[in-house]
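Lettering of chains follows the sequences in order, A, B, ..., and the numbering in each one begins at 1. Heavy atoms only: backbone and side chains are in, while hydrogens, waters and symmetry mates are out.
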Amino acid sequence: GVTTTDPAPTTTLPAQYSPGEVEAGLYEGWESRGYFTADAASDREPFSIVIPPPNVTGGLHLGHAFEHTLMDALVRRARMQGKETLWVPGMDHASIAVHALVEKELAEEGTDRRALGREAFIERVWQWKAAYGGQILDQMRRLGDSVDWTRERFTLDEGFSRAVQTMFKRLYDEGLIYRAERLVNWSPVLRSVLSDAEVDHREVEGELVSIRYGAADGSGPSLIVATTRVETMLGDTAVAVHPDDERYAALIGTDVELPLTGRRIPVIADGHVDPQFGTGAVKVTPAHDPNDFAIGQRHGLPMPTIMDDEGRITATGTDFDGMDRFEARVAVRERLREQGRIVAEQRPYLHSVGHSERSKEPIEPRLSLQWFVAVDTLARAAGTAVRDGRVAISPPELAARYFAWVDHLHDWCISRQLWWGHRIPVWYSPDGTEQICLGPGEEPPAGWRQDEDVLDTWFSAGLWPFSTLGWPDDTADLRRFYPTTVLVTGYDILFFWVVRMMMFSVHAEVNEPGSVPFGTVALHGMLRDKQGRKMSKSRGNGVDPLDWMDAYGTDATRFTFARCGNPGADAPVSEELVQSSRSFCTKLWNATRFALLNGATTDGEVPSIPTGADAWITGRLQQVVADVDRLYADFEFAKIADLLYHFAWDEVCDWYLELAKVTLTGDDEGAADATRRVLGEVLDVLLRLLHPLMPFLTERLWIELTGRESVVVAAWPQADFTRVAAGAEREIAGVRDVVTEVRRFRSDQGLKPSQRVPARVDGPLGDYQQRAVRHLLRLTEPGPDFTVTAALTTAAGVRIELDLSRAIDVAAERARLTKDRAAATKELEQAAAKLGNEAFLAKAPEKVVLGIRARREAAESELARVGAALSALPVG
RNA sequence: GGGCGCUUAGCUCAGCGGAAGAGCACUCGGUUUACACCCGAGCGGUCACUGGUUCGAAUCCAGUAGCGCCCACCA
């Protein structure tokens, strides 16, 4: 009701927070301000980060947006710390995503990509590329990205090819890449080999069929073998038994009849066979089972391949030829049954079967000529780089998983029979007797033809940390930003990608001997839905981050991701969480608006000796800055978000802003000015701390608050503990205790929060505390007709007498006090029990004993206080 | 078969040796001159189970039971 004489301070902040407008208005022009260009001649500390691949299924999915947010936060903070930052993006993985899209499109059209041919396929990929690259740019930008997402940085295919070829030739020349016929994981759907890492083992219900080999009718020797893949018997070339197995001693070295084929196969002795398992006799199919392959090699057995690249039976000379493997499994079994050779069947038989990770069907072990990387020395060096601390893994617990991989890596099959990717740079002479590996720019002799196979995705991805910076050339980027500062990625990709990057990078020794790809590998977990399930499109619980960005704003979406950033741990994410983040954004908006409407400023000196709430919040601010820094060191994004959320909401908004009103609306102009300055300071620092997690909103608010150019390049806050005033915290705690206690009383008494109540306040409260308490509780000065109808005393001994203009609700008050008494009684019992324990007194640290003593005393006085209040209540 | 991890309020999770916490949900009250995407007050838990170590255990150790993830060539 007071008319202000001074003109009210104004702000251009609209009353309503609208994320769309904030984001649209702000991004424009960022690039032109030159914040994002790296300067190779700068003497600032470099900070670089490698961007993991976009999801192969196309677009920007939730997990990628999540990861992107964490990385962007690190980069933004580094830049505010004055470091020179660089993201290391590249086109290669975007290409892969496009390839996948084209494949999908062809499948939908019903076009056979084999019929289309490689050249036409690549042509189509290129048609897509511009559009798709643009899509990625748009999505990245909407995330509030701090990268120079120019098309140049996305057009690195040439460079990648050069890097890939250079690395291949180097390993080839060193004898670390070789071609060999091995038993590999074969995908009949993809018609390609897969690496061990691309195979998922899943429990399936199959069958275990026991078959009699040899004489079917007891007219001669026979033995029984069991298998889950009956059809492979067509490719058997032996039966193996353990050398010491007496049951079969007489048969070793003899031949038995292999049913259905008319062939005879030897019975051999091999130590690999477990005599305790099954019958102790094993059928041996060297070309279609890894164990059998090993046995076959040891015994020099023939290794006939009986399946083609699509999983059809072939070249057995039986009428099963041409059948699909699963069809043949039934047909062969039934034929054997007709011949009386099935002696036992277990169905369902639960066993583990490898499946293609991408195409989902069971993989078929198959003998095949492929290219391999001998990983032994590479993997050992990659392990050493972590063991000796050159590369840190965060959280440290996950280093065990890393070691589990590098220490037990099999040779890596790098050739693929896919239609896209970098081709193996090896050429064969026309007669096929000679081969040559060529480096970039080298021409093969006329008439020589290049190997048809392409390289595994992870071969080129493994070069990422340095190929993106221009390797094999000695570039300025490479010298300045390699090794990269940190790699942020999910733990699920540790063995796929991280291990490959480590092996190649350590081996390449970019810049100098012993160099590594990154200083730290920061691993985050997977985003899951509320039920803890993995997000996936097929399950229908997947979320497009763009939908959230549209509905709640990019800042709310990003803050939500930050809240999920637990090192190495999965986190559930849900629409409710984004909603709560959006509320937080709105809260910050309104708080800043309030501050500006009340003349908050960042101009002029901050009061050197603030008082009351100003002193308290200034001290708290220093602690928060220090805590945020500590948490960043461990990549504890979720805790950073949580800390800032609660500090901003529970302390700054709920208490400081309310307390600030005491001085802002008071008569003391000097105090009001001091508060305006502290208010400006608190929001300034808070917005800077929040900027990495919500760039748009903080930019808009910070510019409005400070009138300066951009929070993007504002200095990162520094904690200054000389600004923590002794006693300030206690002073405000005193206010909070009284206010909370009286609010509780008022609520129980059914008093509206807005109702003004005449009251007398007595007890150990300073002037400032008195005023604060009166203001927050809407207590008015007692008038001439003041009648005490209610009184309460707080634990600290503050007495408040109120005139409610009516009798109090005795029952409600008794209930309240009874509850207090129960709590105090329990507290007293616990404390007394401890203090009555001789052993506790003798052995517990003095600090703890003193703490318990203080608790006992507090409980005793609380009990006395509540008891007195209870007995003062009218009976009934 | 081998690792690793988890089990705390209805739900999702923090806490990881010295007074049981948060968000959401729920109940009650509220047009308090920033904010109903809000404010105030409240309800709600033998911290999976059983032993052990300790003056003291949600927290450390062992075992049990469920659940999850990763790895693995047992026919």
Which part of the nucleic acid, if any, lies within contact of A/Phe293, taking any heavy atom under 4.0 Å across all strands shown: a base, the sugar-phosphate backbone alone, or nothing?
-> nothing

Classify the nucleic acid contact of A/Tyr349 as base, sugar-phosphate or nothing, counting any heavy atom under 4.0 Å across all strands shown.
-> sugar-phosphate

Side-chain N,O (A/Lys826) to OP1/OP2 (B/rA19) below 4.0 Å = no

Answer with base, sugar-phosphate or nothing: what part of the nucleic acid does A/Cys585 contact at a heavy-atom distance below 4.0 Å?
-> nothing

Applying side chain to side chain donor-acceptor pair (under 3.5 Å) between A/Glu207 and each of A/Gln346, A/Arg329, A/Arg347, A/Arg229, report the one that passes.
-> A/Arg347

Between A/Ser583 and B/rC38, does any side-chain N or O lie under 4.0 Å from OP1 or OP2?
-> yes

Check every strand shown and say whether A/Lys639 touches a base, only sugar-phosphate, or nothing at a heavy-atom separation below 4.0 Å.
-> sugar-phosphate

From A/Leu777 CG over to A/Glu741 CD, what is the distance, rounded to the nearest 0.5 angstrom?
-> 11.0 Å

B/rA34 phosphate, OP1 or OP2: any side-chain N/O from A/Lys661 under 4.0 angstrom?
-> yes

Could you work out the separation of B/rU8 and B/rU59 based on their C1' atoms and round it to a whole Å?
-> 11 Å

Sugar-phosphate, base or nothing in reach of A/Ser352, heavy atoms under 4.0 Å | base

With sugar-phosphate meaning primed atoms plus P, OP1 and OP2, does A/His646 contact a base, only sugar-phosphate, or nothing at under 4.0 Å between heavy atoms?
-> sugar-phosphate

Does any donor-acceptor pair link the side chain of A/Arg855 with the base of B/rA19 at a separation under 3.5 Å?
-> yes

For A/Leu367 and A/Met303, which heavy atoms make the closest approach, and how far apart are they?
-> CD2-CB, 3.9 Å

Ignoring backbone atoms, test whether A/Trp589 places a side-chain nitrogen or oxygen under 4.0 Å from the OP1 or OP2 oxygen of B/rC38.
-> no

Would you be so kind as to tabulate the donor-acceptor pairs closer than 3.5 Å made by side chains of residues 834-857 of chain A, with sequence neighbours excluded?
{"from": "A/Asn837", "atom 1": "OD1", "to": "A/Ala839", "atom 2": "N", "distance (Å)": "2.9"}
{"from": "A/Asn837", "atom 1": "OD1", "to": "A/Phe840", "atom 2": "N", "distance (Å)": "3.4"}
{"from": "A/Arg855", "atom 1": "NE", "to": "A/Glu827", "atom 2": "OE2", "distance (Å)": "2.8"}

Using a cut-off of 4.0 Å on non-hydrogen atoms, how would the nucleic acid contact of A/Asp274 be classed: base, sugar-phosphate, or nothing?
-> base

List the protein contact pattern of nucleotides 1-7 of chain B with one symbol per nucleotide (5' to 3'): B for base contact, S for sugar-phosphate-only contact, - for none; contact means a heavy-atom distance under 4.0 Å.
-> -------

Dot-bracket encoding of pairs in RNA chain B, which uses [ ] for pseudoknotted crossings and | for another strand, Watson-Crick or G-U under 3.5 angstrom | ((((((((.[[[[.)..(..]]]].(((((.......))))).....[[[[[..)....]]]]])))))))....

NA contact type, A/Ala404, heavy-atom cut-off 4.0 Å: base, sugar-phosphate, or nothing?
-> nothing

Within the structure shown, what part of the strands sits under 4.0 Å from A/Ala591 by heavy-atom distance: base, sugar-phosphate, or nothing?
-> base

Within the structure shown, what part of the strands sits under 4.0 Å from A/Pro845 by heavy-atom distance: base, sugar-phosphate, or nothing?
-> base

Minimum side-chain heavy-atom gap A/Tyr491-A/His524 below 4.5 Å = no

Does A/Arg744 put a side-chain nitrogen or oxygen below 4.0 Å from OP1 or OP2 of B/rG42?
-> yes

Could you tell me whether A/Asp570 contacts a base, only the sugar-phosphate backbone, or nothing, with contacts defined as non-hydrogen atoms closer than 4.0 Å?
-> nothing

Would you say A/Lys752 reaches B/rG40's phosphate, i.e. side-chain N/O to OP1/OP2 under 4.0 Å?
-> no

Would you call A/Ser356 and A/Glu198 a side-chain contact if the rule is heavy atoms closer than 4.5 Å?
-> no

Taking A/Asp292 as the fixed residue, which of A/Thr232, A/Thr285, A/Asp236, A/Leu301 is the one that meets the side-chain contact (heavy atoms from CB on, under 4.5 Å) rule?
-> A/Thr285

Find out whether A/Arg563 and A/Phe559 are in side-chain contact, i.e. whether some heavy atom of one side chain is under 4.5 Å from a heavy atom of the other.
-> yes

